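In the text below, chain A, chain B and the rest are named by the order of the sequence lines, each starting its count at 1. Everything numeric in this text was worked out from a predicted model, so none of it was measured.
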Amino acid sequence: MKVEIATQLASLIEMSIDDVVKLIEVPKNTEHGELAFPCFVLSKILKKNPVQIAKDLSDKISANNFITVPVGPYINFKANRQVLVKDVISEFLADTDKFGSSDFGQGKTIVVDFSSPNIAKPLAFHHIRSTMIGNSLVKMHRNAGYNVVGINHLGDWGTQFGYIIAAFKDCDEEQINNLNLKEIIDAYVGMNKAAKEDSSVEDMARSCFLDLESGHNKARLIWQKCRDLSLAEFERVYRRLGVSFDSNIGEAFFEDKLENLIKQVENAGITNISDGALIVDLEDYGITTPCLLRKSDGATLYATRDLAAACYRYETYKFDKAFYVTDSGQSLHFKQFFSVLDKMQLPFAKNMYHAPFGVLLVWDETTKEWTKGRTRSGQIVLLEDILDEATKRAMDIIQDKRPDLANKSQVAEQIGIGAVVFNDLKHRRIKDVKFSFEDAINFEGETGPYLQYSAARAASVVRKYGKEIKLPENFNALISDSSFEIIKKVSTLPEVSLRACSEGEPYIIANFCLELAALFNSFYAKVHILDNVDVDSLILIPEMVSKALSKGLSMLGVAVPEQM
RNA sequence: GCCCUGAUAGCUCAGCUGGAUAGAGCACCGGAUUUCUAAUCCGGUGGUCGCAGGUUCAAGUCCUGCUCAGGGUACCA
């Protein structure tokens, strides 16, 4: 429709089709039709009133799939609703499950580095950000046809393991095998405390970490046990969140590859020694602080490991794009690390993307301000505690509103977690997330449960209809303002999800779901579908809405209960 | 000091490539249920788009300067 309009317009005025296409816009107000052309630019060229120009041009354009209406200085184009509705529904019915998916990314691979917690610590509430944003990036790209590799780059190496190993170095093999995670975490905390009072503890930890690095048997055993236990613990939470990874290769894996990496950078001739440290100067990239590859004491750093991991991933997956989902405080690190790759003239350097996000703030009722995920006593807020509380609150509401519902506890889990997850994804990544149970577990308005409810409600109508849904013989019942708006909105899902992919922004999908749900609920209040004479065609509304919402929510990693 | 990010209704946020009257939700006020799920819907109150210039027929959107807030600024990750 756009191209057709542009072609006709271009032949009437002194402009190329491309230029006309650029000027054509989608009006904000739906009453203005599907597309519009502003005539302001022309008034300068033609030296005529834009209102007059709009009238003149509008008379000269004609087609059967839209009508033209001059409104002031604009020419508005209103689609032939019958034609548009038929197109959308035919496409929808051709493959209901695939609607909203695409093969845009066919043959392309992207890797997403996300979640990446440190082991030997529980998952804290703030981990939900990287985990769910990354999970959503994975899901939306898969939906767009990409081959996606989700990587949990575990923090499973570092001097902190010295403390843990020191705590258990006198245990025998059997005792080590019987350790549980709580004992390890307690020991770690205890050793840290002890080190503050007694510097010899720190020395011991350092020597234990050296044992680990040199491959000492028992140190290795303790480390492995700690890793296994932590991962099992993480997996339990990930399962609740519906998150999975294709690789759990962490930092430790790259330890023996760092020397090679450093050689590779040195061979590129871009390294310097500065104050005893091995650096890559990045002044020519407009970055005033250099990237450190090796400290003056010989130890490697974060950037060294990330460089090694990036090279390894490229060799392994030959990715076309790599996302790193971390908080925005690490922006400089990624700028440096990507610039080093570029300076090394590696082919994938231009395909590296940092997807930064704002911090998670928790409302502190006693101080009346937003705090960084710690309680008054300085304790971190555990992710599982939040999920449990959310589930409990969901259950209370179910008991109150749907006492007869089947699988209550399962639905409560889906709703409670859905609320927390959606709350995390509904705004642009860069915004700080301000978390309060009152907002997040509020089930009204722009929330996860509102969307789950809308989807369940739509699905319920379809279930009660109970017959096969076929392409209607005519579309008269579907071209009223309210149903036409819904069909138009549903039809934008493919472009919406592609935009979400290219910007790496889950909130774009979240917004789509909210807008669609609002349109549907409004329609639902006005039109009684099952009693309508046109039920056989109207049933397509809840059918399309429930499918589109399910697809959208699944891209966000929010579960969709069949009934609630 | 330098760099990055943010600033839109009382609160939390949308506003895509500059276009028509700046939109939602929450909160507040008032309505709707013998009818497919009221976790819903309808209406109302509420705005100097941080400030000041500039570009343009047209600026919340682009440019410059400033203010405030947060973060980062080589041997942590």
Side-chain angles (χ1 to χ4, degrees), chain A residues 22-23 25-29 31-32 36 38-44 50 71-74 76 116 118 155 158-159 251 274-279 286-297 299-303 305-306 326-333 335-336 356 358-359 361 394 397-398 400-402 405 415 423 426-428 430-434 436 438-439 442-447 449-454 456-465 495-496 499 503 507-508 510-511 514-515 517-518 520-532 535 539 542 563-564:
Chain A
K22 273 181 203 157
L23 285 169
E25 60 194 44
V26 179
K28 285 176 190 161
N29 189 333
E31 283 174 24
H32 291 139
C39 299
F40 302 101
V41 246
L42 296 180
S43 75
K44 216 175 183 185
V71 180
Y74 291 86
N76 291 335
S116 309
N118 290 330
T159 46
E251 293 178 333
S274 169
D275 293 341
L278 183 70
I279 65 160
I287 302 169
T288 48
T289 44
C291 181
L292 267 80
L293 297 180
R294 199 201 289 283
K295 303 202 278 187
S296 49
D297 68 2
T300 55
L301 293 106
Y302 187 28
R305 274 184 288 275
D306 263 351
T326 80
D327 70 275
S328 60
Q330 297 186 40
S331 293
L332 178 60
H333 161 73
K335 233 182 243 173
Q336 293 176 323
V359 295
L361 303 172
I397 293 183
I398 290 172
D400 183 40
K401 301 201 176 208
R402 305 265 183 265
L405 187 71
I415 294 174
N423 180 68
K426 71 173 169 181
H427 299 143
R428 284 151 60 213
I430 201 68
K431 291 272 185 185
D432 290 346
V433 168
K434 289 150 185 160
S436 74
E438 284 59 45
D439 292 338
N442 185 352
F443 289 0
E444 291 161 18
E446 299 175 334
T447 65
Y450 170 77
L451 296 176
Q452 293 171 317
Y453 175 77
S454 307
R457 196 185 214 192
S460 168
V461 177
V462 174
R463 196 165 44 240
K464 292 210 164 122
Y465 176 69
E495 62 196 73
V496 163
R499 206 185 126 214
E503 295 186 25
Y507 89 93
I508 292 172
N511 270 358
L514 288 170
E515 285 162 5
F520 173 70
N521 283 321
S522 180
F523 176 84
Y524 183 91
K526 267 186 289 193
V527 180
H528 197 284
I529 300 162
L530 293 181
D531 288 351
N532 199 290
V535 60
I539 195 67
Q563 293 185 50
M564 64 183 273

Where the side chain of A:Ala36 is concerned, which of B:rU40, B:rU21, B:rA20 is the nearest nucleotide? B:rA20
Side-chain donor/acceptor of A:Asn76 to base of B:rA20, under 3.5 Å: yes
Under a 3.5 Å cut-off for both distances, is B:rA74 Watson-Crick or wobble paired, and to whom? none
Can you tell me which nucleotide in B:rA20, B:rA77, B:rA74 comes closest to the side chain of A:Ile279? B:rA74
B:rU35 - base-pair partner by Watson-Crick or wobble geometry, distances under 3.5 Å: none
Counter-base of B:rC28, judged by Watson-Crick or G-U geometry with both distances under 3.5 Å: B:rG44
Nearest-angstrom distance, P atom, B:rG46 to B:rU67: 34 Å
On a whole-Å scale, what distance lies between the P atoms belonging to B:rC63 and B:rU21? 25 Å
For the pair made of NE2 in A:His32 and C1' in B:rG23, what is the distance, rounded to whole Å? 15 Å
Assign A:Gln330 to base, sugar-phosphate, or nothing according to its heavy-atom contacts below 4.0 angstrom with the strands shown. base
Using a cut-off of 4.0 Å on non-hydrogen atoms, how would the nucleic acid contact of A:Tyr450 be classed: base, sugar-phosphate, or nothing? sugar-phosphate
Please give the distance between the P atoms of B:rC36 and B:rG31 as a whole number of Å. 24 Å
Calculate the interatomic distance between A:Leu451 atom CG and B:rU40 atom C1'; express it in whole Å. 13 Å
Give the B/S/- string for nucleotides 30-37 of chain B, one per nucleotide from 5' to 3', where a protein heavy atom under 4.0 Å of the base yields B, of only the sugar-phosphate yields S, and otherwise -. -----BBB
Checking A:Asp275 side chain against A:Ala277 main chain: does a donor-acceptor pair fall under 3.5 Å? no
Could you say whether A:Val71 or A:Ile415 is positioned toward the 5' end of RNA chain B, judged by the nucleotide with the nearest heavy atom to each? A:Val71
What's the NE2-C1' distance between A:His333 and B:rA74, to the nearest Å? 13 Å
Considering only the P atoms, how many Å lie between B:rG1 and B:rG60, rounded to the nearest integer? 31 Å
Whole-Å distance, A:Phe520 CZ to B:rU40 C1', equals 11 Å
Just verifying a value: how many Å separate A:Lys335 NZ and A:Ile287 CD1, rounded to the nearest 0.5 Å? 6.5 Å
Remember a base hit wins even if backbone is also touched, and classify A:Gly329 as base, sugar-phosphate or nothing at under 4.0 Å, heavy atoms. sugar-phosphate
Within the 4.0 Å limit for protein heavy atoms, which parts of nucleotides 8-17 of chain B are touched? Write it as a string from 5' to 3', B for base, S for sugar-phosphate only, - for none. ----SSSSS-
Please work out if A:Pro27 contacts a base, only the sugar-phosphate, or nothing of the nucleic acid, heavy-atom cut-off 4.0 Å. base
Just the rounded figure in Å: distance from C1' of B:rA77 to CD of A:Glu251. 7 Å
Rounded to whole Å, please give me the gap between CG in A:Leu292 and P in B:rC76. 9 Å
Proximity to the side chain of A:Thr289 - top-ranked nucleotide from B:rU73, B:rA20, B:rC41: B:rU73
With heavy atoms under 4.0 Å as the rule, sort A:Leu405 into base, sugar-phosphate or nothing. nothing
Which base, if any, makes a Watson-Crick or G-U wobble pair with B:rA20, both distances under 3.5 Å? none
Between B:rA39 atom C1' and A:Leu514 atom CG, what is the distance in whole Å? 14 Å
Provide the distance between the two C1' atoms, one in B:rU8 and one in B:rG25, to the nearest whole Å. 15 Å
How long is the gap from NE2 on A:His333 to CG on A:Asp306, to the nearest 0.5 Å? 4.0 Å
May I ask you to verify if any side-chain N or O of A:Ser522 is less than 4.0 angstrom from the OP1 or OP2 atom of B:rC42? yes
Has the side chain of A:Ser274 got a donor or acceptor atom sitting under 3.5 Å from an opposite partner on the base of B:rA74? yes
Checking B:rU5, B:rC3, B:rC57 against the side chain of A:Lys335 (C-beta onward), the nearest is B:rC3
What's the gap between B:rA9 and B:rG23 when it is taken at their C1' atoms, as a whole Å value? 11 Å
Backbone N/O of A:Ala456 and side chain of A:Ser460: donor-acceptor pair under 3.5 Å: no
